[in-house]
Amino acid sequence: MSRGVLDTSVIVKSIFKPPKSLSDEIYKRELETHDKCRDLIKKMEEGDMDVYVPKICVVETAAAAKRLADKNFAVKISKGVLDSYEVVDEVFLFDPAWTIAVETGSSGFDSYFIALAKIKNAILFTDDKGMSFHAKRVEVDSVLIKETNSKEIENKLKTDS
């Protein structure tokens with residue numbers, strides 16, 4: 001069975017379209033990323049895939065949704081994360097995340113996502129270039145959504161981890 005870890009960036013970008021105030025070029029790229037994130041999550045939910053998120057993802061999703069919408073939507077979306085994916089408590093991730101942070105210099109939050117993907121031997125799906133870079137440094141298979149075409153993403157979903 002395939003296994004995947006979703007970064008908060010993918011969840012948030014699947015829900016919210018980019019602001020039209022962006023330059024045309026950036027708006028087009030971000031709209032394509034939004035569509036790829038939506039398709040990825042839909043295919044993960046329809047497919048035979050175990051999907052994991054660290055507990056901090058619930059908090060990050062709530063914070064982003066509050067900034068981009070309102071409190072009620074933030075509660076709804078973050079509860080959706082709790083209900084939709086296997087949420088892994090930080091107590092299981094602390095030591096590996098700490099090691100990854102020390103080895104790579106990645107942010108604390110990013111280290112939790114990378115550690116989870118490493119522990120579960122899962123593909124890390126992110127739209128955070130730094131997270132993807134650090135994941136690859138510790139031999140975690142990482143897909144950077146904005147730089148990966150839809151067909152390649154679909155092929156990753158079919159790959160057994």
Criterion side-chain contact (heavy atoms from CB on, under 4.5 Å) on Ile56 and Phe113, from CA distance to verdict
CA-CA 9 Å; Ile56 193 64; Phe113 288 87; 4.0 Å; yes

So, taking the atom named CD in Glu45 and the one named OG in Ser84, what distance separates them when rounded to the nearest 0.5 Å?
5.5 Å

Please determine whether residues Tyr52 and Leu6 belong to a single hydrophobic cluster, defined as Ile, Leu, Val, Met, Phe, Trp and Tyr linked transitively by side-chain heavy-atom distances below 4.5 Å.
no

Can you tell me if Lys55 has over 12 outside heavy atoms packed within less than 6.0 Å of its NZ?
no

For the student: nearest non-hydrogen atoms of Lys71 and Lys66, plus distance:
N-CD, 3.6 Å

Any side-chain heavy-atom pair from Pro18 and His34 closer than 4.5 angstrom?
yes

Could you tell me whether Glu152 and Lys156 make a salt bridge, using a distance below 4.0 angstrom between a side-chain N and a carboxylate O?
no

Joint hydrophobic cluster, Ile26 plus Leu31, side-chain heavy atoms closer than 4.5 Å
yes

Leu93 and Tyr112 have their tightest heavy-atom pair at CB-CD2, 3.6 Å

Begin with the C-alpha distance, continue with both residues' side-chain angles, and end with the deciding distance and a verdict on side-chain contact (heavy atoms from CB on, under 4.5 Å) for Lys36 and Lys13.
CA-CA 9 Å; Lys36 288 189 280 187; Lys13 288 186 178 192; over 6 Å; no

Scanning both residues in full, the closest heavy-atom pair of Ser14 with Ile11 reads OG-O, 2.6 Å

What pair of heavy atoms forms the shortest contact from Ala97 to Ala115, and how long is it?
N-CB, 3.6 Å

Heavy atoms only: give me the nearest Ala69-Phe16 pair and the separation to one decimal.
CB-CE2, 4.0 Å

Decide if atom OH of Tyr85 counts as having more than 12 heavy atoms of other residues, nucleotides or ligands within a radius under 6.0 Å.
yes

If hydrophobic clusters are built by linking Ile, Leu, Val, Met, Phe, Trp and Tyr wherever their side-chain heavy atoms come under 4.5 Å apart, do Val53 and Val88 end up in the same one?
no

To the nearest 0.5 Å, tell me how far Met44 CE sits from Met49 CE.
4.5 Å

May I ask whether Leu124 and Val51 are part of the same hydrophobic cluster, defined by side-chain heavy atoms of I, L, V, M, F, W, Y residues being less than 4.5 angstrom apart, directly or through others?
no

Evaluate side chain to side chain donor-acceptor pair (under 3.5 Å) for Asp128 paired with Thr126, printing each intermediate quantity in order.
CA-CA 5 Å; Asp128 178 330; Thr126 184; 5.1 Å; no

I'd like to know whether Arg29 forms a salt bridge (charged side-chain N to carboxylate O under 4.0 Å, His left out) with Glu25, so could you lay out the CA-CA distance, the side-chain angles of the two residues, the decisive distance to 0.1 Å, and finally the verdict.
CA-CA 6 Å; Arg29 183 195 72 214; Glu25 180 182 338; over 6 Å; no

Does Arg38 have more than 12 heavy atoms from other residues, nucleotides or ligands lying within 6.0 Å of its CZ?
no

When rounded to the nearest 0.5 Å, the distance separating CG of Leu40 from OG1 of Thr33 is 12.0 Å

ILVMFWY cluster, Leu82 and Ile15 together (side-chain gap under 4.5 Å):
yes

Hey, mind stepping through Ser106 and Ile100 against side-chain contact (heavy atoms from CB on, under 4.5 Å) and telling me if it holds?
CA-CA 7 Å; Ser106 65; Ile100 287 168; 4.0 Å; yes

Before giving the answer on side chain to side chain donor-acceptor pair (under 3.5 Å), spell out for Ser78 and Thr61 the whole-Å C-alpha distance, their side-chain angles and the decisive distance to 0.1 Å.
CA-CA 6 Å; Ser78 55; Thr61 302; over 6 Å; no

Salt bridge flag under 4.0 Å for residues Glu154 and Lys43
yes

Using a 6.0 Å cut-off, check whether atom CG of Asn149 has over 12 heavy atoms from anything other than its own residue.
yes

Rounded to the nearest 0.5 Å, what separates atom OG in Ser111 from atom CG in Leu116?
12.5 Å

Can you measure from CG (Asn155) to OG1 (Thr148) and round to the nearest 0.5 angstrom?
11.5 Å

About how many Å separate OG1 of Thr104 and NE2 of His134, when rounded to the nearest 0.5 Å?
5.0 Å

Do any N or O atoms from the side chain of Asp127 and from the backbone of Lys146 form a donor-acceptor pair under 3.5 angstrom?
yes

Is Glu139 salt-bridged to Lys118, going by a charged N under 4.0 Å from an acidic O?
no

Closest contact, heavy atoms only, Val10 versus Cys37:
O-CB, 3.6 Å

For the pair Ile114 and Val5, evaluate side-chain contact (heavy atoms from CB on, under 4.5 Å) and give the outcome as yes or no after the intermediate values.
CA-CA 9 Å; Ile114 296 166; Val5 171; over 6 Å; no

